[in-house]
Each structure stands twice: as structure tokens, then as C-alpha cells.
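Throughout, numbering of the chain's residues begins at 1 and tracks the sequence. Below, each value reflects all heavy atoms present in this structure, side chains not excepted, and no hydrogens, waters or symmetry copies.
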Amino acid sequence: MPDQHLHIVCLDVPYPPDYGGVFDLFYKIKALRAKGVLIHLHCFEYGRGKQPELNKYCISVNYYTRKSFITRLIYRVPFIVSSRASEELIQNLSRDNYPVLLEGIHCTWLLYSGKLRNRKVAVRLHNVEFEYYRELAHTTGNFLKKIYYKRESALLKKYERTIANRCLFIAVSMRDRNTYREMFHAKNIQYLPVFLPFDDVSARAGSGSFCLYHGNLSIAENEKAAVWLIKNIFASLQIPLIIAGKNPSEKLYAAASRYSNVSVAANPSRQQMDEFITNAHIHVLPSFNTTGIKIKLLNALFNGRYVITNSAAIEGTHLENICTVANTPEEYVTHIRALMRQPFDITEKDKRKELLNTIFNSEKNAAQLMQWLW
């Protein structure tokens, strides 16, 4: 069998895998390399730096500069796309005829502009982007950001409809796949679960003494969820809540300081975060965004005890049978009180293993992706 070469174009540098958006990128690269694929990686670098670790999995790694906001503002193409238009990338891809995997709508300028005609191309959908930016507009309290997010959402909706039938699209959730089929009439769209570093469910039996919300707290959606938990749930409980993650704001600190049972753990190390996830009794993970899939939710299911989340977070994920679903403050309070009295046992762990190890099997999913690309 001849060597299987693949170009992967990434919206960001996919290492280190220290935020949700790059988990699928990096662990997909690892899984494909383990199957013998020879990867030519192309990354847009705007702050994460060049990463020698990527050379272990790719036979070539190229970095490109993302264009500035001001120079792209007049474009009728979404900024997340137009800022990644690169002549150098076009030249590098033109040297051969290998398949091309475009990671995210962000990297589809080449598809939109017709530069990849007569090539085998696939787009990995990380979200239905116009919905994601619409939610960002609803969440942010910054007036200028709200205007930008609304404009970007409107442009993305037109743009995603325009390119939805130009190649194979691969969604991270059934919900996103169905949205593309129903709204954009996409005919060639598949579902493939995200690639993860977790090989098995390691949830610890027994009981913990606190609840946990974790995530990048500098992201408006995550801050909104944390503040909502404080004001609507834990204000009426004596059960401890730890909110852990990157760069919490003064607003979040102020909300937490009003209650003795709520604490904020800012910028924990990876080891500290792992300990929080392992030792918590309940992970409380509401989401106000229905698109994509939440890596923090999967992390909690693989490595933590009980998980309470809302319908929006798990729609189209097949995870509803291993989460406790709550959609109102009253339901959260009721479930938290009940689960805090109930040790996590081996039966719950086995139920998770059966489901998660089947859906998020990196070797099987890499093989499926290869069938689509060749």
C-alpha cells in the first residue's frame, strides 16, 4: 500500500492541548500518525508560538501569520475566515495532490475561493459557527464586542450556506450535523466524535465534599455560567462550590465573595486541576451554547464523579444517559442535594465505560476518517 500523505490546516497551533478548541486538533494528529498517516501540518500562529513537539507527529510543520482585524474589516467574508487567507499556504498545498483536511470553518478560504478544485477536501466542523457567534453576542457585556459578534454571525450564516455543499463536512455532534442538513441542505456531511487523550474512564468510587465548575473563566460564556451557578444555585445551599480555571475576572470574584461556601481557584496547574476533577463529588456544568461539544463535560465524565448539566450542553451527543440533566435552578438544587448523599459507585463507572469507550475510540475513529479521505 502506498504511503498516505495528508495536509491538515489548523486554525491555531494545536499544541499544547490546554484549551478545549485544540483537543480535537492535537489528538486527531496523534491518532492519525499512529495509523501511519504522513501529516503535513499548516498552522496559523498568533500567540502560541512554534511548537517543536509537533515535529514528533508530522513530517512537516508550516506556520502562517494571521492577518489583522483592521486589514480585514471591509471584507464581506467573516473575519475568522478572511484573516486566514494566505498565498503562502496556497503555494505549499499546490506542490502535490494529497488530500486536505481543513480544521474549522476558519480555514476554508481556500475552499471558498476555489483554490482547492480537483482536490480531495474535508472540513472538520468544530461548531455551527454562526450559532456560536450569535451566542457570544448574547453573552458579552462589551458593546463593541456585541456589535462585532452580531456582524460575524450574520456573515457566517451566509458563508456557511455558500460552502456547505463544496466538499465533505465532518461534524463533532449529531446536532451540528442535523443543523447543516436541515438549514444549509448539506448533502455530504458526516458525524465523527472528537478525539480525546482519555483512554479509559478513571472516575473514582466513593464521595467528595464539594461541587466543581471548571473552564477558561476569561471566556464570557464560562463566566456567565459560573455567576449563574453562584446566584441561582449555591446562594441557597451550604454545599461548597469551587470554581476553577484561567483568568477569573473581578466580577466573578465579587460574586463568589458574597457566599462563604463559594471559592475561586485561579489559574490552577494541570496537576491541581486534575485533583479538583478527581476529588469533586459533583461537576455542575451548565451551558448556554448548544453548538459543538464541551470538552470540560467529557473530561468530567471520564475522570470525575457525578455530572449535572442542562439539555443544551448534551443535545446530539448521546451522553444524556450518563449525566444528570437539570434545566431550572430548582432541578439543580434538588439533584445536588440528592447526589451529595449518594456515593459514586462501580455501577455508574461501568455504565460510562461502555458508552464512552465505544463513542470516543480514537483508533476506530481515525480509521473512519481515513476511509473518508482516501
Side-chain angles (χ1 to χ4, degrees), residues 1-18 20-44 51-63 89 92-93 95-104 106-108 110-111 116 119-126 167-174 176-177 188-202 292-293 295 298-299 301-303 317-318 353-374:
M1 184 177 180
D3 289 338
Q4 292 177 295
H5 290 258
L6 174 66
H7 289 286
I8 299 180
V9 183
C10 285
L11 71 157
D12 199 353
V13 178
Y15 191 87
D18 55 0
V22 295
F23 263 61
D24 186 56
L25 305 181
F26 179 68
Y27 293 106
K28 186 189 303 106
I29 288 169
K30 284 191 70 174
L32 289 171
R33 185 67 198 99
K35 300 288 286 184
V37 177
L38 302 176
I39 298 168
H40 305 264
L41 185 63
H42 307 268
C43 315
F44 286 90
Q51 299 291 337
E53 180 73 13
L54 294 170
N55 296 318
K56 295 180 181 179
Y57 309 101
C58 308
I59 62 172
S60 67
V61 182
N62 293 282
Y63 297 89
L89 174 59
N92 287 336
L93 293 178
R95 292 175 180 148
D96 54 62
N97 200 38
Y98 303 143
V100 180
L101 176 61
L102 302 173
E103 288 287 356
H106 315 62
C107 297
T108 58
L110 300 175
L111 183 67
L116 292 176
R119 294 286 287 269
K120 188 66 176 287
V121 181
V123 174
R124 175 57 150 174
L125 283 179
H126 299 158
C167 69
L168 168 65
F169 281 73
I170 305 168
V172 297
S173 76
M174 294 292 287
D176 290 0
R177 187 197 69 172
N188 191 12
I189 182 164
Q190 301 287 349
Y191 159 64
L192 190 70
V194 295
F195 288 79
L196 298 169
F198 318 122
D199 296 322
D200 201 2
V201 174
S202 64
I293 190 164
I295 298 298
L298 294 172
N299 194 350
L301 288 169
F302 271 96
N303 302 305
T317 64
H318 305 297
K353 290 178 75 165
E354 183 178 357
L355 181 66
L356 295 174
N357 291 349
T358 299
I359 295 175
F360 301 100
N361 182 317
S362 290
E363 182 179 359
K364 179 191 74 174
N365 293 337
Q368 177 62 79
L369 179 57
M370 291 169 68
Q371 284 185 22
W372 290 331
L373 290 170
W374 282 279

K.L.:
Does the K364 side chain pair with the main chain of T358, one donor and one acceptor, at a distance under 3.5 Å?
P.N.:
yes
K.L.:
Per the side-chain contact (heavy atoms from CB on, under 4.5 Å) rule, which among I59, I39, N97 passes with H5?
P.N.:
I59
K.L.:
Would you say the side-chain atoms of N365 pair up with the backbone N or O of I359, donor to acceptor, closer than 3.5 Å?
P.N.:
yes
K.L.:
Measuring only between side-chain heavy atoms, which start at C-beta, is V172 closer than 4.5 Å to P193?
P.N.:
no
K.L.:
Nearest heavy-atom pair of R119 and Y98: which atoms, and what distance?
P.N.:
NH2-O, 2.8 Å
K.L.:
Can you tell if the side chain of I189 reaches within under 4.5 Å of the side chain of I170, non-hydrogen atoms only?
P.N.:
no
K.L.:
Is a donor on one side and an acceptor on the other found under 3.5 Å between the side chain of K120 and the backbone of W372?
P.N.:
yes
K.L.:
Return the minimal non-hydrogen interatomic distance between H40 and S60, and the atom names on each side.
P.N.:
ND1-OG, 3.1 Å
K.L.:
Could you tell me whether the side chain of D12 and the main chain of P14 form a donor-acceptor pair under 3.5 Å?
P.N.:
no
K.L.:
If you define the side chain from C-beta out and look only at heavy atoms, does anything of L102 sit under 4.5 Å from L116?
P.N.:
yes
K.L.:
How close do R124 and L192 get, counting heavy atoms only, and between which atoms?
P.N.:
NH1-O, 2.8 Å
K.L.:
Sub-3.5 Å donor-acceptor pair from the side chain of T108 to the main-chain atoms of L111, do we have one?
P.N.:
no
K.L.:
Over all heavy atoms of both residues, which pair between P99 and W374 is shortest? Give the atoms and the distance, please.
P.N.:
CG-NE1, 3.5 Å
K.L.:
Below 4.5 Å, heavy atoms only, C-beta onward: do M370 and K35 meet side chain to side chain?
P.N.:
yes
K.L.:
May I ask you to test the V194-H126 pair for a side-chain heavy-atom distance under 4.5 Å?
P.N.:
no
K.L.:
So how far is it from Q368 CD to Q190 CD, rounded to the nearest 0.5 Å?
P.N.:
7.0 Å
K.L.:
To the nearest 0.5 Å, what is the distance between CG (L356) and CG (L196)?
P.N.:
9.0 Å
K.L.:
Quick one: pull up SG in C107 and CG in L89 and give me the separation to the nearest 0.5 Å.
P.N.:
8.5 Å
K.L.:
For the atom pair CG (L369) and CZ (F195), what is the distance rounded to the nearest 0.5 Å?
P.N.:
5.5 Å
K.L.:
Under the side-chain contact (heavy atoms from CB on, under 4.5 Å) rule, what do V121 and L101 come out as? Steps first, then yes or no, please.
P.N.:
CA-CA 6 Å; V121 181; L101 176 61; over 6 Å; no
K.L.:
Would you say the side-chain atoms of N357 pair up with the backbone N or O of D200, donor to acceptor, closer than 3.5 Å?
P.N.:
no
K.L.:
Do I293 and D24 come close enough that some side-chain heavy atom pair is under 4.5 Å?
P.N.:
no
K.L.:
Determine whether C43 and N62 make a side-chain contact, defined as any pair of heavy atoms from C-beta on separated by less than 4.5 Å.
P.N.:
no
K.L.:
How far apart are the C-alpha atoms of N188 and C167, what are their side-chain angles, what is the distance that settles it, and do they pass the side-chain contact (heavy atoms from CB on, under 4.5 Å) test?
P.N.:
CA-CA 7 Å; N188 191 12; C167 69; over 6 Å; no
K.L.:
Would you say Y63's side chain and Q51's backbone share a donor-acceptor pair under 3.5 angstrom?
P.N.:
yes
K.L.:
How close do A122 and L373 get, heavy atom to heavy atom, and via which atoms?
P.N.:
CB-CD2, 3.8 Å
K.L.:
State, yes or no, whether a side-chain contact exists between R33 and L38 at a heavy-atom distance under 4.5 Å.
P.N.:
yes
K.L.:
About how many Å separate CG of L11 and CD of E103, when rounded to the nearest 0.5 Å?
P.N.:
8.0 Å
K.L.:
Please find out if less than 6.0 Å separates the ring center of F26 from that of Y57.
P.N.:
yes
K.L.:
Work out which heavy atom in S362 is nearest to a heavy atom in A31; give both atom names and the distance.
P.N.:
O-CB, 4.1 Å
K.L.:
At what distance, to the nearest 0.5 angstrom, does NZ of K30 lie from NZ of K56?
P.N.:
9.0 Å
K.L.:
Can you find a side-chain donor-acceptor pair between H7 and N92 that sits under 3.5 Å?
P.N.:
no
K.L.:
Can you tell me which residue among F360, Y27, F302 is in a ring pair (Phe, Tyr, Trp, His ring centres under 6.0 Å) with F198?
P.N.:
F302
K.L.:
Would you check, one step at a time, whether the test side-chain contact (heavy atoms from CB on, under 4.5 Å) holds for V100 with V9?
P.N.:
CA-CA 8 Å; V100 180; V9 183; 4.2 Å; yes
